[in-house]
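This report refers to the structure that appears directly beneath it.
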Amino acid sequence: MGIDTSCKIGKLQLTTPIIAASGCFGYGTEYSEICDLKAFGAIVTKTITPQPRVGNSTPRIWETPNGGMLNSIGLANVGIDCYIKQKLPELKNYPTKIIVSIAGNTISEYGEMVEKLDASDVWAALEINISCPNVKEGGISFGTNTRMTQDLVKICREKTTRPIIVKLTPMATSLSEIAKVCEDNGADAVSLVNTYVGMAIDIYSLKPRIATITAGYSGPPIKPMALARVWEVVNAVSIPVIGMGGICCGEDAIEFFLAGATAIEIGTMIYVEPNIAKNILNDITHYCTLKNLVSTSQLAGLFLKTREFNTTCTISG
Amino acid sequence: MKNSKIFQEIGMIVDKEELNSTTAIVHVHSPNIAKHSIPGQFVHIRISDTFNPLLRRPFSIQNVIEQDNIELLIRSYGRGSSYLLQKKIGDEVNLLGPLGNGWSVPSRFKTIVGVSGGVGVAPILFLQNHFPENFIHILGAKTVGELPVSRKMIQQYDLKIATEDGSYGFYGNAIDLFLEYIQQLDVHSTFLVTCGPWKMMHELQKIAKNFNLSGAISAEARMGCAVGVCQGCAITLVTPSKLNSCFALCCKDGPIFTLEQINMEVNPFGN
């Protein structure tokens with residue numbers, strides 16, 4: 001019997017719980033020749049800003065010796081107007097749902113972007129990026145501030161009825177609080193984690209490996225830290241949590257589901273293996289079969305049940 | 001010459017010729033990529049099934065052999081290339097390609113002069129295969145022991161070799177030798193192609209400007225995705241591109257750029 005892989009994030013109904021993370025799947029078409037798009041329930045397109053951005057100085061990427069990746073692209077993108085005119089129409093009738101990622105320098109800019117986007121029916125949900133570590137204004141400075149988060153979720157909520165996902169930074173000390181603010185102000189889901197802030201130095205030339213010195217750190221090494229933050233947020237909010245951070249294989253993805261994530265996003269690993277979503281989906285359904293589950297959405301309950309059981313044992317013991 | 005079809009293919013190493021302890025020519029059976037490759041394009045190789053290294057590494061295609069095999073020139077610089085060099089005949093290689101734009105030589109040019117440094121010879125040899133006539137190929141290396149070609153290839157391609165220690169061919173670097181040739185050339189009908197150390201290409205850009213010589217560069221940058229998604233491989237331009245950006249992507253807009261396009265003061269690997 002086939003495993004039901006569908007998942008629901010608020011009003012957003014996905015055929016699989018696997019999503020391509022923002023910045024790792026371009027504007028949605030670049031990988032279409034070599035990827036089985038149907039493995040993705042949705043793809044999040046590259047973060048769009050009100051004006052085009054050329055991005056940061058070079059070098060922009062560096063692979064750390066432990067298999068991690070540092071990047072500081074600086075939200076290079078074509079800008080909202082070009083995106084709506086040229087990029088979004090290419091995704092009409094796509095075999096997967098489109099989630100639009102946006103970032104602004106000010107709260108009102110977020111509102112203006114949502115207003116512009118709302119005229120298009122190509123996209124299914126919005127991911128508000130308040131967690132980019134590589135831009136001077138907006139970005140992570142919003143995602144670490146509860147007041148800012150509240151105001152911008154509120155303004156986006158006023159401008160659209162479509163599902164809103166807020167993408168959070170693991171660098172926020174009070175991450176649960178930030179997530180709760182998102183929930184209280186009308187967000188349908190939160191997604192986490194965006195990259196950690198990292199850095200590397202060439203010890204011979206005494207220069208930073210990345211031009212902006214600090215950068216976003218992603219890839220396999222961040223997975224345990226990301227999982228812990230997802231677990232923390234799952235226990236703090238009742239809205240769906242989309243988990244991500246270093247997911248490379250089915251086993252990694254399953255851990256995030258077990259920790260309570262409703263869906264997962266894949267980022268850096270797409271660069272390594274463009275078709276990884278298909279492999280991960282196969283692994284997840286195989287695991288469900290092993291565990292006698294009929295749907296992937298049952299995975300979260302599996303771990304939580306064990307937790308309750310253990311807690312009961314501890315208390316009674 | 002742009003070719004947009006991309007394949008992911010598990011190739012197999014069918015031949016390996018070790019030129020010295022750090023360099024080898026490897027033939028990979030990869031029919032789809034071989035059939036669609038044009039000179040100047042590259043493949044993006046997943047070196048290991050583990051995460052050491054994590055990201056794929058780009059390698060220029062040096063040649064297409066018997067339609068089904070691609071020829072790569074591998075020199076160990078870092079982790080990725082060192083591990084790849086350890087692979088043996090029969091081993092599998094996970095490839096993405098062919099990628100990038102490829103060389104474009106306007107038909108008004110009757111002679112092509114290639115100036116390559118070290119493993120930068122690879123994309124220029126592929127071009128030379130397509131334009132065997134009126135092709136002058138200058139190759140520079142530090143010493144004879146570091147030459148990235150076999151003796152047979154030196155003859156086959158009539159390579160003009162320069163070694164910095166004078167251990168083979170011309171005593172000096174590739175630019176010194178190029179300057180010897182430039183006097184004999186008609187600059188209006190000559191097209192310069194170059195690939196090698198950034199410093200060498202920067203120097204050539206200046207010389208070409210002085211002599212009013214047209215040409216193109218095969219650039220190199222650290223790459224993440226190699227298909228224009230991650231935007232990690234930005235190359236700084238002299239004049240802004242169509243999107244009014246001062247950057248172009250080495251993987252998708254390149255790796256071939258005209259001599260005039262790139263601001264060579266900015267090394268994509270960091271100055």
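In the text below, chain A, chain B and the rest are named by the order of the sequence lines, each starting its count at 1. Given the structure is predicted, the values throughout are model-derived calculations rather than measurements.
Taking 4.5 Å as the limit, some side-chain heavy atom of A:Trp62 sits within range of a side-chain heavy atom of B:Arg222. Using a 4.5 Å cut-off on side-chain heavy atoms (C-beta onward), B:Leu96 and A:Pro274 make contact.
No more than 12 heavy atoms of other residues, nucleotides or ligands sit less than 6.0 Å from atom NZ of A:Lys278. Other residues, nucleotides and ligands contribute at most 12 non-hydrogen atoms within 6.0 Å of the CD atom of A:Glu251.
Residue A:Asp202: no heavy atom, backbone or side chain, is found under 4.5 Å from chain B. Contact annotation for A:Tyr31: only side-chain heavy atoms (C-beta onward) come within less than 4.5 Å of a heavy atom of chain B.
Atom OG1 of A:Thr64 is separated from atom CZ of B:Phe51 by 12.5 Å, given to the nearest 0.5 angstrom. With values rounded to the nearest 0.5 angstrom, A:Glu273 atom CD is found 5.0 Å from B:Arg46 atom CZ. To the nearest 0.5 angstrom, A:Leu75 atom CG is 10.5 Å from B:Gln231 atom CD. Rounded to the nearest 0.5 Å, atoms SG (B:Cys251) and CD (A:Glu30) are 9.5 Å apart.
With sequence neighbours excluded, the residues satisfying side-chain hydrogen bond (donor to acceptor under 3.5 Å, both in side chains) with B:Ser48 are B:Thr50. Residues satisfying the salt bridge (charged side-chain N to carboxylate O under 4.0 Å, His left out) criterion with A:Lys223, sequence neighbours excluded, are A:Asp252, A:Glu255.
Looking at A:Glu63, its side chain does come within 3.5 Å of a backbone N or O of B:Leu55 through a donor-acceptor pair.
Of all the listed residues (A:Val272, A:Ile34, A:Asn66, A:Thr58), the one sharing the greatest number of non-hydrogen pairs under 4.5 Å with chain B is A:Val272. With chain A as the partner, the residue from B:His44, B:Arg79, B:Gln8, B:Met223 showing the most heavy-atom pairs under 4.5 Å is B:Arg79.
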